[in-house]
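Beneath this line is the structure, given in structure tokens, with notes to follow.
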Amino acid sequence: MAAPTDEHLVSEGEMAKLIPTLPLETRYPRFPLRRLSGFWLPEFVLPGVAAAHARFDPRPDDVVLASFPKSGTTWLKALAFATMHRDRHPAAGHPLRRGSPHECVKFLEVSFALAGNKEDDDVFASLPSPRVLATHLPYHLLPDRVGRVVYVCRDPKDAFVSGWLFTHKAMADKQVAPPPHTLEEAFELFCEGRCMCGPQWRHVLGYWEASRRWPEDTNTNKVLFLRYEEMLLDPAGNVRRLAEFLGHPFSREEEAAGTVDAVVDLCSIHSLKKATANVGGATTTELGVRHGSFFRKGKAGGWRDHLTPEMAARLDAVVAQALHGSGLTFGAVACKDDSAS
Ligand code: PAP
């Protein structure tokens, strides 16, 4: 695997000059992509990467939720926000019943990108601690010293299919014509890693390796590595892991009072789909997409309805080859870390 370069460690002014020189990919819907430091990132986000590096002032109690797109971001945002702020917000009238998880937890690089040059400051400075933030950036493009990171990964076939269907919904939300690409064309690009934040497997690997360095290496970020498929199988167990990692484990009293199940229920796809903010036409200010478009089936293995067995085998082979020797694998439903067994 090619080592990441240091292209990303440029100032905001240098980034503006660098962007037009970076390799461009316009065939993958929905945004033009530029390859920065080995990853295909939306062009509009790149100024936000430089701005986040220059201006974001991390705090020790921050938590950054990281993911490759369509891998469980919305769910993780809801779960982490509800877990972290459970003392502050009783279940009734909870912000997650009134607003989208994407309003409760903002993307770091997108927020800086949208703030533009008008804002010289850290756009998150006024957010009270402990802050919960999110990112789709690969691990090595995170700002320094972000501290605690929770990563969620998902079978790439499901992430691809979810992204493909979402793209059509998002373009309809924005009343933009659907992409001219066929699913097969987009799939080929995904297999080449030429998709938003791709290659998917390299994105996952960066965080997985970081999660294995911690806790031995105390100079590194603390990374909790979660899997969407395992969260579906055992949501309560994963919420407990999350709470412990966040330094706010559920007390015996909370366990007895059913607080873990309450968090799971509040953040289930069924509850969130019904929440007022997610049924109307409201859009996320950041992304211009209807809140409801982030919820579909929320299952593992749904790729079978959209990909042929040959397509699945092709992507599985690409991923297996790229991850060979790393110890990281994806399974269809139950993913496992085969180096741990
Ligand atoms: P993002 O990266 O654009 O924020 P993300 O939330 O990661 O998207 O992915 C959306 C997927 O998560 C959808 O999967 P599907 O298309 O296969 O159905 C969506 O349904 C699923 N999802 C959203 N919220 C939840 C939830 N609360 N529980 C389980 N799955 C969820």
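Counting convention: from 1, in listed order, for ligands and their atoms alike.
- In this structure, Trp164 and Phe160 have parallel ring planes: the angle between them is below the 30° cut-off, well short of the 60° mark.
- Donor-acceptor pairing under 3.5 Å is lacking for the side chains of Tyr228 and Asp158.
- Ligand 1 is surrounded by Pro69, Lys70, Ser71, Gly72, Thr73, Thr74, Trp75, His102, His136, Arg154, Ser162, Tyr228, Cys267, Ser268, Ile269, Leu272, Phe294, Phe295, Arg296, Lys297, Gly298, each with at least one heavy atom closer than 4.0 Å.
- Ionic pairing of Glu188 and Arg314 is present here: one or more N-O contacts between side-chain nitrogen and carboxylate oxygen are shorter than 4.0 angstrom.
- In summary, the aromatic rings of Phe294 and Phe166 are positioned with their centroids under 6.0 Å apart.
- For Phe112 and His53, the ring centers sit 6.0 Å or farther from each other.
- Under 4.0 Å is where a charged nitrogen must lie from a carboxylate oxygen, and between Arg27 and Glu25 at least one such pair does.
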